[in-house]
Amino acid sequence: MAASAESAGNSPADHGSASPWPVVTDHPVVFLLDARDDFEAELLRRWVQGEKPHADVRYSFASIRKGQVGESLGRLTQEDDSTWLQPLRIAWLPPSDEGSRRTLQNLFHGLVAEPGKLRRRWLAKHEPERLAYVAGDGATLSELRDRHAAAATGSGDVLPDFCASQALIALERAERTVRGARYKIPRILPSEVFA
């Protein structure tokens, strides 16, 4: 997660496929869900379970919504160092059937990247092509422990918060490749994404 651009290509997560699973699944996997509500979290869980490579793989879910790190992520310190952390999110895309024609609706969707709760449910049911599953570059817990130790500056940032911020940055990078650079998503400062 949020590693340098050079090492991002070496991630076990296969971004060329439509699967959230890392290539290596012989270690436990914790899926870090950046979901706006229970509906998005359920969509992400169904995606994970629908693409599960085999029945005996061990996995769990943790919420990483910015500013709302839950207990499930707080238990990371008890996990084995080989545990793979895989960040996931849903991106809501503007309509693409207009081709290159720019409309007021496209402009509106470019400015408002997060449709409301009812609108998300409607889009998922009636226009599922506007829903993009995003998997950021994952990392092992041991890699994140090392990065956290190296970045410790006395700010009091605990490991779960550090993991959540790294996951959110990895998701921002991945979402930019899905959505394109012209759409602004004001979740994290651009300087944090490219640092």
Side-chain angles (χ1 to χ4, degrees), residues 1-36 38 40-91 131-152 157-179 187-188 192-195:
M1 290 183 285
S4 66
E6 294 83 17
S7 63
N10 299 329
S11 170
D14 184 5
H15 297 293
S17 71
S19 176
W21 287 91
V23 175
V24 180
T25 56
D26 53 347
H27 297 292
V29 179
V30 177
F31 291 98
L32 306 176
L33 307 182
D34 180 27
R36 294 167 183 90
D38 291 339
E40 277 194 2
E42 183 58 31
L43 288 175
L44 289 168
R45 284 187 190 100
R46 277 193 243 150
W47 180 40
V48 167
Q49 292 161 349
E51 300 291 329
K52 189 162 68 165
H54 48 83
D56 60 345
V57 64
R58 231 176 35 126
Y59 67 99
S60 61
F61 299 99
S63 175
I64 58 164
R65 196 71 185 145
K66 190 168 182 169
Q68 302 171 3
V69 176
E71 283 181 34
S72 55
L73 191 58
R75 288 192 292 266
L76 272 181
T77 54
Q78 302 165 3
E79 292 285 339
D80 185 78
D81 277 351
S82 64
T83 300
W84 183 261
L85 304 180
Q86 182 62 55
L88 303 176
R89 165 190 292 171
I90 292 177
L131 185 151
Y133 292 99
V134 179
D137 287 330
T140 62
L141 187 54
S142 65
E143 290 172 34
L144 289 168
R145 281 186 206 276
D146 292 345
R147 277 194 239 155
H148 179 249
D157 194 17
V158 294
L159 181 64
D161 292 333
F162 179 78
C163 291
S165 73
Q166 293 289 289
L168 290 170
I169 292 169
L171 285 167
E172 291 298 317
R173 288 179 180 162
E175 188 171 342
R176 280 180 74 89
T177 62
V178 170
R179 191 183 291 277
R187 291 190 191 123
I188 297 179
E192 290 178 350
V193 175
F194 293 110

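The model shown is predicted, which means the values in this text are computed figures rather than measured ones.
For Leu141 against Cys163, the heavy-atom pair with the smallest separation is CD1-SG, 4.4 Å. Contact between Gly136 and Ala174 at its shortest, heavy atoms only, is CA-CB, 3.9 Å. Of all the heavy atoms in His27 and Ser82, the pair that sits closest is ND1-OG, 3.2 Å. Between Phe31 and Pro20, the shortest heavy-atom contact is CE2-O, 3.6 Å. The nearest pair of heavy atoms linking Phe162 to Ala151 is CE1-CB, 4.3 Å. Of all non-hydrogen atoms in Pro87 and Gly138, the two that sit nearest each other are CD-CA, 3.9 Å.
Every residue two or more places apart in sequence or in another chain that forms a salt bridge (charged side-chain N to carboxylate O under 4.0 Å, His left out) with Glu143 is listed here: Arg147. In terms of the side-chain contact (heavy atoms from CB on, under 4.5 Å) criterion, residue partners of Asp81 (sequence neighbours excluded) are, by chain and number, Ser142, Arg145. For Asp26, there are no side chain to side chain donor-acceptor pair (under 3.5 Å) partners at least two apart in sequence or on another chain. Under the rule for a side-chain contact (heavy atoms from CB on, under 4.5 Å), the partners of Ser60 that lie at least two apart in sequence or sit in another chain are Val30. Scanning for ring-ring contact (aromatic ring centres under 6.0 Å, His included) contacts around Tyr59 gives Trp21, Phe61, with sequence neighbours left out. In this structure, the salt bridge (charged side-chain N to carboxylate O under 4.0 Å, His left out) partners of Glu42, at least two apart in sequence or on a different chain, are Arg46.
Remark: Arg58 CZ to Asp56 CG distance equals 11.5 Å, nearest 0.5 Å. One distance of note links CG of Asp161 with NE2 of His148; it measures 8.0 Å at 0.5 Å rounding. For the atom pair Leu144 CG and Leu159 CG, the distance stands at 7.0 Å (nearest 0.5 Å).
Of the candidates Glu51, Arg45, Gln49, Trp47 forms a side chain to side chain contact (heavy atoms under 4.5 Å, CB included) with just one, namely Glu51. Screening Asp34, Leu33, Leu44, Val134 for a side chain to side chain contact (heavy atoms under 4.5 Å, CB included) involving Ile90 leaves a single residue, Leu44.
Residues Arg173 and Asp137 form no side-chain contact, since every pair of their non-hydrogen atoms from C-beta on lies 4.5 Å or further apart. When side chains are defined from C-beta on, Arg89 counts as touching Leu168, because their heavy atoms get closer than 4.5 Å. Using a 4.5 Å cut-off on side-chain heavy atoms (C-beta onward), Val48 and Val29 make no contact.
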Exercise for the section: Apply the test side-chain contact (heavy atoms from CB on, under 4.5 Å) to residues Tyr133 and Leu88: give CA-CA distance (whole Å), side-chain angles for both, the deciding distance (0.1 Å), then the verdict. Expected result: CA-CA 7 Å; Tyr133 292 99; Leu88 303 176; over 6 Å; no
